[in-house]
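What follows is a short report on a single structure.
Hydrogens, waters and symmetry mates play no part in the numbers below; they use all other heavy atoms, side chains included.
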Amino acid sequence: MDSLKRKIADEDYILLIDGLNEAEFHKPDYGDTIVSFLTKMIGKFPSWLKLIVTVRTTLQEVAKLLPFHKIYLDKLDVNEAIDQDLQAYILHRIHSSPEIQNNISLNGKMDNTTFGKLSTHLKALSQGSYLYLKLTFDLIEKGYLVLKSSSYKVVPVSLAEVYLLQCNMKFPTQSSFERVLPLLNVAVASLHPMTDDQLYQAINAGNIDGNLEWEDFQQRMDNLSMFLIKRRDMTRMFVHPSFREWLIWREDGEKTKFLCDPRSGHTLLAFWFSRQENKLNRQQTIELGHHILKAHIFKVFGSV
């Protein structure tokens with residue numbers, strides 16, 4: 001910070017930290033988190049360095065000590081521009097898709113009254129989330145949701161219900177989900193995106209009765225392709241951070257179906273790192289220690 005203060009910038013700089021609440025999932029067992037570091041150091045920031053931080057509304061408690069001006073992106077009743085933007089997106093999706101028009105028409109008609117009622121209903125449910133609107137319209141466009149009643153009872157009331165519906169369609173039985181569960185456990189526990197080969201090795205690190213066949217592994221990955229998407233570097237990442245969060249944590253009253261077990265994923269990753277043929281580098285050694293700590297492998301044995 002002292003070196004930053006001595007620097008005189010010709011113009012202001014903006015540092016953006018998106019999804020500050022997500023860092024809490026990987027907070028260290030000791031030392032500063034991003035939030036505690038900012039809380040202590042924000043007063044030492046030079047005047048030319050501006051900070052913009054985003055945080056989930058339901059988790060804004062993590063940022064309560066930061067002395068920032070707040071702008072809410074989900075309070076439709078306070079900011080008319082938010083309502084107008086959501087309305088424009090809804091209008092665009094409906095007008096650009098004959099499939100959506102057909103699946104939301106009541107008795108084959110789509111008049112202004114019907115559109116207005118649907119738009120108001122979706123905006124209220126979205127709470128400012130374009131992701132909710134996008135995924136809901138995707139379901140309508142593909143015919144998974146057909147609105148033939150003005151009560152709109154089939155429409156998911158939250159992003160969590162959208163994810164639940166998607167998983168119910170993709171994994172109709174418990175056994176079909178259990179086939180991909182180890183992969184999801186590893187993915188939620190990993191500190192960074194992994195390639196298919198790395199995921200394959202990590203899954204097999206926990207097998208004692210023979211390895212999973214590569215063809216079987218590929219079939220399971222194909223079933224997860226809409227949730228674990230490939231990046232340009234061929235690693236896999238979750239389609240959205242909120243989906244990862246939904247897999248490992250639910251709010252009170254929400255259904256617990258499709259929950260993952262991060263501890264199991266940490267265990268598999270710890271086994272995988274410990275069985276590498278080559279010597280681990282510094283970063284890999286740190287990751288191994290992290291996964292061992294998070295796995296609590298011997299926790300079930302209790303104190304001796």
So, [X] versus [Y]: side-chain donor-acceptor pair below 3.5 Å or not?
X	Y	result
Thr173	Ser176	yes
Thr33	Ser36	yes
Ser97	Glu99	yes
Glu215	Gln219	no
His192	Glu287	yes
Tyr163	Ser242	yes
Thr195	Asp197	no

Verdict with supporting geometry, Val186 and Ile203, side chain to side chain contact (heavy atoms under 4.5 Å, CB included): CA-CA 8 Å; Val186 170; Ile203 295 301; 3.8 Å; yes
Verdict with supporting geometry, Glu141 and Arg93, salt bridge (charged side-chain N to carboxylate O under 4.0 Å, His left out): CA-CA 9 Å; Glu141 190 169 35; Arg93 286 301 302 267; 3.3 Å; yes
Salt-bridge contact Arg231-Asp233 (side-chain N to carboxylate O under 4.0 Å):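 Judged by the 4.0 Å cut-off on N to carboxylate O distance, Arg231 and Asp233 do form a salt bridge.
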I need the [X] [atom1] to [Y] [atom2] distance, nearest 0.5 Å.
X	Y	atom1	atom2	result
Gln166	Asn168	CD	CG	10.5 Å
Thr235	Ile229	OG1	CD1	10.0 Å
Leu51	Phe68	CG	CZ	4.5 Å
Ile90	Leu118	CD1	CG	7.0 Å
Arg56	Leu20	CZ	CG	12.0 Å
Phe217	Leu199	CZ	CG	5.0 Å

Centroid-centroid distance, Phe238 to Phe227, less than 6.0 Å: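 Distance test on ring centres: not under 6.0 Å, no.
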Which residues share a salt bridge (charged side-chain N to carboxylate O under 4.0 Å, His left out) with Asp196, sequence neighbours left out: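 By the salt bridge (charged side-chain N to carboxylate O under 4.0 Å, His left out) rule, Asp196 matches Lys230, Arg236.
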Residues which pass salt bridge (charged side-chain N to carboxylate O under 4.0 Å, His left out) with Lys134, listed by chain and number, not counting sequence neighbours: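 Salt bridge (charged side-chain N to carboxylate O under 4.0 Å, His left out) check on Lys134 returns Asp138.
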Sole candidate of Val162, Leu165, Ile104, Ile100 that passes side chain to side chain contact (heavy atoms under 4.5 Å, CB included) when paired with Leu145: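 Testing Leu145 for a side chain to side chain contact (heavy atoms under 4.5 Å, CB included) against Val162, Leu165, Ile104, Ile100 leaves exactly one candidate, Leu165.
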Test side chain to side chain contact (heavy atoms under 4.5 Å, CB included) applied to Leu147 and Asn103, step by step: CA-CA 6 Å; Leu147 313 184; Asn103 289 332; over 6 Å; no
Determine whether a donor-acceptor pair (N or O, by modelled atom type, separation under 3.5 Å) exists between the side chain of [X] and the backbone of [Y].
X	Y	answer
Gln101	Ile94	yes
Ser119	Phe115	no
Gln201	Gln198	no
Arg250	Lys257	yes

Leu38 reachable from Met41 in the ILVMFWY side-chain graph, under 4.5 Å edges: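 Linked within one cluster.
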Linked, directly or transitively: Met226 and Met169 (ILVMFWY side chains, under 4.5 Å):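 Yes; Met169 is reachable from Met226 via cluster members.
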Candidate pair His266 and His296, rule ring pair (Phe, Tyr, Trp, His ring centres under 6.0 Å), full reasoning: CA-CA 9 Å; His266 287 298; His296 298 293; 9.1 Å; no
[atom1]/[X]: more than 12 non-hydrogen atoms of other groups inside 6.0 Å:
X	atom1	value
Ile34	CD1	no
Leu16	CG	yes
Gln127	CD	no
Leu15	CG	yes
Tyr130	OH	yes
Lys50	NZ	yes

Parallel, tilted or perpendicular: rings of Phe258 and Phe171 (30°, 60°):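 Geometry flag for Phe258 against Phe171: tilted rings.
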Parallel, tilted or perpendicular: rings of Tyr200 and Trp214 (30°, 60°):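 Trp214 vs Tyr200 ring planes: perpendicular.
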Side chain to side chain contact (heavy atoms under 4.5 Å, CB included) assessment of Asp85 paired with Tyr89: CA-CA 6 Å; Asp85 287 345; Tyr89 178 76; over 6 Å; no
